[in-house]
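Report on one structure; see the data block that follows.
To find a chain, count down the sequence lines: A is the first, B the second, and so on, and within it residues start at 1. Only a predicted model underlies this, so the values are computations on that prediction, with no experimental measurement involved.
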Amino acid sequence: MSSEDTTPASNFIRNIIDADLAAGKNQGKVATRFPPEPNGYLHIGHAKSICLNFGIAIDYQGTCNLRFDDTNPHKENIEFVEAIQRDVRWLGYDWGDRLFYASDYFEQLYDYAVQLIKKGKAYVCDLTPEQTREYRGTLTEPGRDSPYRERSVEENLDLFARMRAGEFADGERILRARIDMASPNMNLRDPAIYRIRHGAVHHQTGEAWSIYPMYDFTHCLSDSIEGITHSLCTLEFEDHRPLYDWFLDELEVECHPQQIEFSRLELEYTITSKRKLTQLVDEGHVEDWDDPRMPTIAGMRRRGYPPGAIRDFCERIGVTKSGNNVEMGVLENCVRENLNVHAPRRMAVLHPLKVVITNYPEGQVEELQAANHPQDESMGTRTLPFARELYIEREDFREEAPKKFKRLVTGGEVRLRNAYVIRCDEVIRDSQGEIIELRCSYDPETLSKNPEGRKVKGVIHWVSARHSIVAEVRLYDRLFSHPNPDSAKEGGEFTDYLNPESLLTLTRCRLEPSLADARSGEQIQFEREGYFCVDPDHRHDRPIFNRTVTLRDSWARIEQKNG
RNA sequence: UGGGGCGUCGCCAAGCGGUAAGGCACUGGGUUUUGAUCUCAGCAUACGCAGGUUCGAAUCCUGCCGCCCCAGCCA
């Protein structure tokens, strides 16, 4: 964990823990857990939960378990199990030897279910799924008791054992908790606790089981078995808390963790529904789970977001129970702040425009020195070849300059970053009238000093034509063009809001030669353009850079304001 | 219309009866060979609304209003 992490802000959960500690609860121990279901990749919302759970464990010298909630073999697989571990580790957290699976407890859970039956608190129900729904009632009407609710303990025991033995088909019977069909809380209307699932090969238990426990039953007991003190989950489980407590009370377990709910993260211009993220991948709207536009941890990693920036973000947004919709700018600001300190500076011309320095000797090459970071000398310097033919950014030249434009204009001067001041003398066009070259002259007296008697305000970046490297640069933008893609109109879908310009691939970019030995994963600032990282597909003979985030650009704002 | 939650600046968020922290965004000034960074300053007489209690309320009480979640053999 990097030392620059901000000191953790307090929140209502930490306040509860502080109070518990002060009251001497749990022998002064704090034990949390992060319990993902391996049915998809982790996303920014999970990052919030990971930082919360692992962060608390670190700060309170407690423990945080990584536990896979793997009770639904139809939807889960080992690829996700592995990806999740990779992502949690990359985020900077370590579960040590505390890697668990709910499936580790299947035998124990089965015994707990038998105990419930023996107490008359669970029964085998033969209702079809449709009938079960009818019997459940509605939000405003109470449900009705199942005709199988009064089965004898012996019969229930026998039937449940035969469910396990595989004697019945999927959907034929379930084991239900016997609570209250008239409860105003729907979760307490005799919820299912075991269902039959034949034919699924579970990634951990193989074909050992043909019945699988439900979330509500599994989760509280898994927490209890692991000695969790504070079981943190999102708001939609608030209604499940009475059930969480009911199982633990009825089974008289020694450890009864406290469930505390917080609101899930909503981020503008993104979605965090696993179903929808899966859809984006399956329908090919993005390359894969690690597409740099995805709000997945794998996607953010490939995009170049440093793990420390994500942790910082999770710290800044806080943890509460109120509804929220965080602006993208907060995350981007965290990324910029982190990268500003760590990313060495380089020059890259994304849309090259040729410049010939007419008064610079043909064949001459100078090796200029440039700082790798303007505020951090310890990052050293590199050499920059300067020659007669250069490339500059097309955007940095205008024939007719708008107000406040301080880059290169016809007849005007501009500073080439880390080099000389040049003047544009002539514009060369092709037969279509498009500008293809600028004829300029340089002032040899302006290397690391200001010109005599005049002010040159603008500074632009450049590369030597002959020495530069050709590279592919992928400019990423937000995946959605609507701040709340989930709020699609009637009949619409979130995919209607996909941003058609979320990826712009540039193939003829020119990079300064020092970038030749860039290595996959490296993060660099292309001066005046943004932060970029080297893509995993990058090869020495086929360089690929991804734009992580642009620099703040007040000129763009001025330009917009002036129309 | 049952149950469970939530409502403090554009977006997050402190605050827990003593007179509105902080971050992001935004606005203006300074430094600057990145229109970056950095830096200085400004930015809620106001806490969903209406009453009440109190010397004093964002904080307590009452009543409204708005938004979110719950009727999977998903988690």
Quick test: give all pairs of protein nitrogen or oxygen and nucleotides 34-38 of chain B nitrogen or oxygen below 3.5 Å, distance rounded to 0.1 Å.
| residue | atom | partner | partner atom | Å |
| --- | --- | --- | --- | --- |
| B:U34 | O2 | A:Gln525 | OE1 | 2.8 |
| B:U34 | O2 | A:Arg528 | N | 2.9 |
| B:U34 | N3 | A:Gln525 | OE1 | 2.6 |
| B:U34 | N3 | A:Glu527 | OE2 | 3.4 |
| B:U34 | O4 | A:Arg345 | NH1 | 2.3 |
| B:G35 | OP1 | A:Arg528 | NH1 | 3.2 |
| B:G35 | O3' | A:Ser554 | OG | 3.4 |
| B:G35 | O2' | A:Ser554 | OG | 2.2 |
| B:G35 | O2' | A:Trp555 | N | 3.3 |
| B:G35 | N7 | A:Arg407 | NH1 | 2.5 |
| B:G35 | O6 | A:Lys406 | N | 3.2 |
| B:G35 | N1 | A:Lys404 | O | 2.8 |
| B:G35 | N2 | A:Lys404 | O | 3.1 |
| B:A36 | OP1 | A:Ser554 | OG | 3.1 |
| B:A36 | N1 | A:Gln375 | OE1 | 3.2 |
| B:U37 | OP1 | A:Arg552 | NH1 | 3.1 |
| B:U37 | O2' | A:Asn340 | ND2 | 3.0 |
| B:U37 | O2 | A:Gln375 | OE1 | 3.3 |

* So does A:Glu452 have more than 12 non-hydrogen atoms from other groups sitting under 6.0 Å from CD? -> no
* Please say whether more than 12 non-hydrogen atoms of neighbouring residues, nucleotides or ligands are located less than 6.0 Å from CD in A:Glu395. => no
Are any side-chain N or O atoms of [X] and backbone N or O atoms of [Y], one a donor and one an acceptor, separated by less than 3.5 Å?
X: A:Asp180; Y: A:Ala182; answer: yes
X: A:Glu393; Y: A:Ile460; answer: no
X: A:Asn65; Y: A:Phe34; answer: no

* Asked: Is the ring centre of A:Phe237 less than 6.0 Å from the ring centre of A:Tyr215?
  -> yes
Take atom [atom1] in [N] and the same atom in [M], then report the distance between them in whole Å.
N: B:G63; M: B:G28; atom1: C1'; answer: 46 Å
N: B:A58; M: B:A50; atom1: C1'; answer: 16 Å
N: B:C47; M: B:C38; atom1: P; answer: 34 Å
N: B:G17; M: B:U53; atom1: C1'; answer: 11 Å
N: B:A71; M: B:G56; atom1: P; answer: 48 Å
N: B:C26; M: B:G15; atom1: C1'; answer: 25 Å
N: B:C24; M: B:A36; atom1: P; answer: 16 Å
N: B:C9; M: B:C49; atom1: P; answer: 10 Å

* To do: Kindly point out which of B:A25, B:G15, B:A75 is positioned nearest to the side chain of A:Asn15?
  => B:G15
Side chains of [X] and [Y], donor plus acceptor under 3.5 Å:
X: A:Glu261; Y: A:Gln259; value: yes
X: A:Asn372; Y: A:Arg346; value: yes
X: A:His461; Y: A:Arg345; value: no

Pairwise N/O distances under 3.5 Å, protein to nucleotides 68-72 of chain B:
| residue | atom | partner | partner atom | Å |
| --- | --- | --- | --- | --- |
| B:A71 | O2' | A:Arg136 | NE | 3.1 |
| B:G72 | OP2 | A:Arg136 | NH2 | 3.0 |

Would you mind reading off the distance between [X] atom [atom1] and [N] atom [atom2], rounded to a whole angstrom?
X: A:Arg264; N: B:G5; atom1: CZ; atom2: P; result: 19 Å
X: A:Arg241; N: B:A75; atom1: CZ; atom2: C1'; result: 18 Å
X: A:Phe217; N: B:A75; atom1: CZ; atom2: P; result: 13 Å
X: A:His219; N: B:A75; atom1: NE2; atom2: P; result: 11 Å
X: A:Ile260; N: B:G5; atom1: CD1; atom2: P; result: 14 Å
X: A:Tyr244; N: B:A75; atom1: OH; atom2: P; result: 16 Å
X: A:Glu266; N: B:C67; atom1: CD; atom2: C1'; result: 13 Å

Is there a Watson-Crick or G-U wobble partner for [N] with both distances under 3.5 Å, and if so, which one is it?
N: B:C38; answer: B:G30
N: B:C67; answer: B:G5
N: B:G22; answer: B:C12

* **Sidechain N-carboxylate O distance under 4.0 Å for A:Glu559, A:Arg407** => no
* Output yes when at least one side-chain N/O atom of A:Arg275 is less than 4.0 Å from OP1 or OP2 of B:A75, else no. => no
* To do: Quick one: label A:Leu447 by what it contacts on the DNA or RNA (base, sugar-phosphate, nothing), any heavy atom closer than 4.0 Å.
  => base
* **Touch class at under 4.0 angstrom, heavy-atom based, for A:Leu127 against every strand present** => base
Polar atoms only, N or O, under 3.5 Å: list the protein pairs with nucleotides 7-14 of chain B and their distances.
| residue | atom | partner | partner atom | Å |
| --- | --- | --- | --- | --- |
| B:G10 | N2 | A:Glu327 | OE1 | 3.0 |
| B:C11 | O4' | A:Glu327 | OE2 | 3.0 |
| B:C11 | O3' | A:Asn325 | O | 3.1 |
| B:C11 | O2' | A:Asn325 | O | 2.9 |
| B:C11 | O2' | A:Glu327 | N | 3.4 |
| B:C12 | OP1 | A:Asn325 | N | 2.8 |
| B:C12 | O2' | A:Ile317 | O | 2.9 |
| B:A13 | OP1 | A:Thr320 | OG1 | 2.7 |

* Asked: Would B:G66 be called syn or anti, given that syn covers angles within 90° of 0?
  -> anti
* Taking the side chain as C-beta and beyond, is there a heavy-atom pair between A:Thr272 and A:Leu265 under 4.5 Å? -> no
* Non-hydrogen side-chain atoms of A:Leu339 and A:Pro306 separated by less than 4.5 Å -> yes
* Where do A:Asp223 and A:Arg67 land on the side-chain contact (heavy atoms from CB on, under 4.5 Å) test, with the steps shown first? -> CA-CA 9 Å; A:Asp223 281 347; A:Arg67 181 173 74 231; 2.6 Å; yes
* Upstream residue (5' side of RNA chain B) when A:Tyr420 and A:Asp170 are each assigned their closest nucleotide -> A:Tyr420
